Every structure is written in structure tokens, then in C-alpha cells.
Amino acid sequence: QVQLVESGGGLVQAGGSLRLSCAASGRTFSSSPMGWFRQAPGREREFVAAINWSGGSTYYADSVKGRFTISRDNTKNTVSLQIDSLKPEDTAVYYCAGDGTGIARFGVRDSSSYDYWGQGTQVTVSS
């Protein structure tokens, strides 16, 4: 059974930092893109960041560019998201996602490209 388990969320003041981690088990994602998405209350799930299989290419939503950094460790089957300069509008449940095909069929920014999802971790930013 494939599982993605996120950790690292919490309550933080604006301007603060968090590091989210996602540990995969049940299969390796070392040949596949992985991504982070988020969903705020009353809003649709949105793309945050993605990383290709090697870590050599990263992709970010405009709203987080320069503040968020995605990375991966294929030896540990993990992907991380360093979040700096947090803003209240970053408040959301953050989800880790793994592409089961390795080819990001609809592009790395499209949630439909991902076959496996974690349960999410809550990030709350107070002003």
C-alpha cells in the first residue's frame, strides 16, 4: 500500500518559517515528479510547488516564488517544503502528491498528474 505522510505543519506568526516533510512508503518515487498543493477553507486546491525526479528542476506558484523551496531526498523517499516569510494568506492544508507514472501527464502544476496524495498537514499563519 502506497502512503504519503506529511508532517511539520503548525501555527506560526506572520514572517515566520516552517519546514514541511513528506515521507513516502510502499513504492519509490525516485523516478517521478512530486508536488505540494494546498487548500484553504472555501477555496479549491491549488498548486504550490513541484520538483522533477532528480531535483534538478523545480516549479513554483507565483504567489510563493522566492519564499518557498522544494527539495527531495531520493535515498530516503522524501520531499520537503521550506516555507519562509509566511503570510496569513498561506494558511491552508498542505498536501504532498506523487506522480505514479513518472511523466506528469498534464504537467507538474496540474493536480490530475498525481496519483498519490497524503492526508495533509495544517499550516496556520497568524497576523
Side-chain angles (χ1 to χ4, degrees):
Q1 181 181 0
V2 178
Q3 283 191 312
L4 299 177
V5 180
E6 301 98 335
S7 61
L11 172 64
V12 64
Q13 289 189 330
S17 298
L18 284 173
R19 185 173 181 85
L20 307 184
S21 295
C22 173
S25 62
R27 63 158 285 169
T28 178
F29 287 93
S30 61
S31 300
S32 300
M34 296 195 74
W36 285 93
F37 290 75
R38 67 186 181 186
Q39 187 167 19
R43 302 188 65 175
E44 293 187 353
R45 188 173 298 188
E46 65 174 0
F47 169 76
V48 174
I51 188 167
N52 77 329
W53 68 274
S54 68
S57 295
T58 55
Y59 311 84
Y60 298 96
D62 288 343
S63 59
V64 308
K65 200 173 296 183
R67 300 187 298 119
F68 290 20
T69 304
I70 189 171
S71 61
R72 67 188 299 163
D73 185 341
N74 286 340
T75 66
K76 298 180 180 178
N77 216 18
T78 60
V79 62
S80 298
L81 187 68
Q82 176 68 36
I83 309 176
D84 298 318
S85 303
L86 276 159
K87 304 176 180 180
E89 51 264 43
D90 294 320
T91 294
V93 178
Y94 284 71
Y95 297 91
C96 170
D99 173 10
T101 68
I103 60 172
R105 293 154 295 183
F106 306 102
V108 296
R109 300 172 186 269
D110 192 323
S111 61
S112 299
S113 294
Y114 299 90
D115 305 284
Y116 302 99
W117 293 83
Q119 82 290 347
T121 185
Q122 177 70 48
V123 171
T124 303
V125 184
S126 63
S127 57

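These figures come from a predicted structure and were not determined experimentally.
Considering OG of S113 and CG of D99, their distance stands at 6.5 Å, rounded to 0.5 Å. Note that the CD atom of Q3 and the CD atom of Q119 stand 8.5 Å from one another [nearest 0.5 Å]. In this structure, CD1 in I51 is found 6.0 Å from OG in S71, a value given to the nearest 0.5 Å. In this structure, SG on C22 lies 4.5 Å from CE on M34, to the nearest 0.5 angstrom. Note: S31 OG to W53 CH2 = 7.0 Å, rounded to the nearest 0.5 Å. Once rounded to the nearest 0.5 Å, the distance linking OG of S63 with CD of E46 reads 5.5 Å.
V125 pairs in a side chain to side chain contact (heavy atoms under 4.5 Å, CB included) with only one of the listed residues (I83, L11, D90, L18), which is D90.
A donor-acceptor contact shorter than 3.5 Å links the side chain of N77 to the backbone of R27. Judged purely by atom type and a 3.5 angstrom limit, R109 has no side-chain atom pairing as donor or acceptor with the backbone of V48.
A cation-pi arrangement is absent between R38 and Y95 under the rule of less than 6.0 angstrom and at most 45 degrees off the ring axis. Judged by the 6.0 Å and 45° rule, R45 forms a cation-pi pair with W117.
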Before you tell me yes or no, could you show the steps for Q122 and T124 under side chain to side chain contact (heavy atoms under 4.5 Å, CB included), namely the whole-Å CA-CA distance, both residues' side-chain angles and the distance that decides it to 0.1 Å? CA-CA 6 Å; Q122 177 70 48; T124 303; 3.3 Å; yes
Give the C-alpha distance, both sets of side-chain angles, the deciding distance and a yes or no for side chain to side chain contact (heavy atoms under 4.5 Å, CB included) between V79 and C96. CA-CA 8 Å; V79 62; C96 170; 3.7 Å; yes
Stepwise side chain to side chain contact (heavy atoms under 4.5 Å, CB included) check, V123 with L20: CA-CA 9 Å; V123 171; L20 307 184; 4.0 Å; yes
Chi angles and distances behind the side chain to side chain contact (heavy atoms under 4.5 Å, CB included) call for F29, N74: CA-CA 7 Å; F29 287 93; N74 286 340; over 6 Å; no
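In the hydrophobic cluster analysis, where Ile, Leu, Val, Met, Phe, Trp and Tyr join through side-chain heavy atoms closer than 4.5 angstrom, I70 is grouped together with V64. Hydrophobic clustering (ILVMFWY, side-chain heavy atoms < 4.5 Å, transitive): V2 and W36 are in one cluster.
A centroid separation of 6.0 Å or more is found between the aromatic rings of Y60 and F47.
Across all non-hydrogen atoms, the minimal contact from R105 to D115 is NH2-OD1, 2.8 Å. For the residue pair S127 and A14, the shortest heavy atom distance occurs at CA-CB, 4.4 Å. Taking both residues in full, the closest heavy atoms of Y116 and G100 are given as CE1-CA, 3.8 Å, listed atom of the first, atom of the second, then distance.
Remark: V108 engages P33, A50, Y59, A104, Y114 in a side-chain contact (heavy atoms from CB on, under 4.5 Å) (not counting sequence neighbours).
Below 30°, between 30° and 60°, or above 60°: for F68 and Y94 the angle between ring planes is between 30° and 60°, a tilted geometry.
Under the 4.5 Å side-chain criterion, counting only non-hydrogen atoms from C-beta, Q82 is in contact with S17.
Residues R19 and D84 are not paired through a salt bridge, judged by the lack of any N-O separation under 4.0 Å between the basic side chain and the carboxylate.
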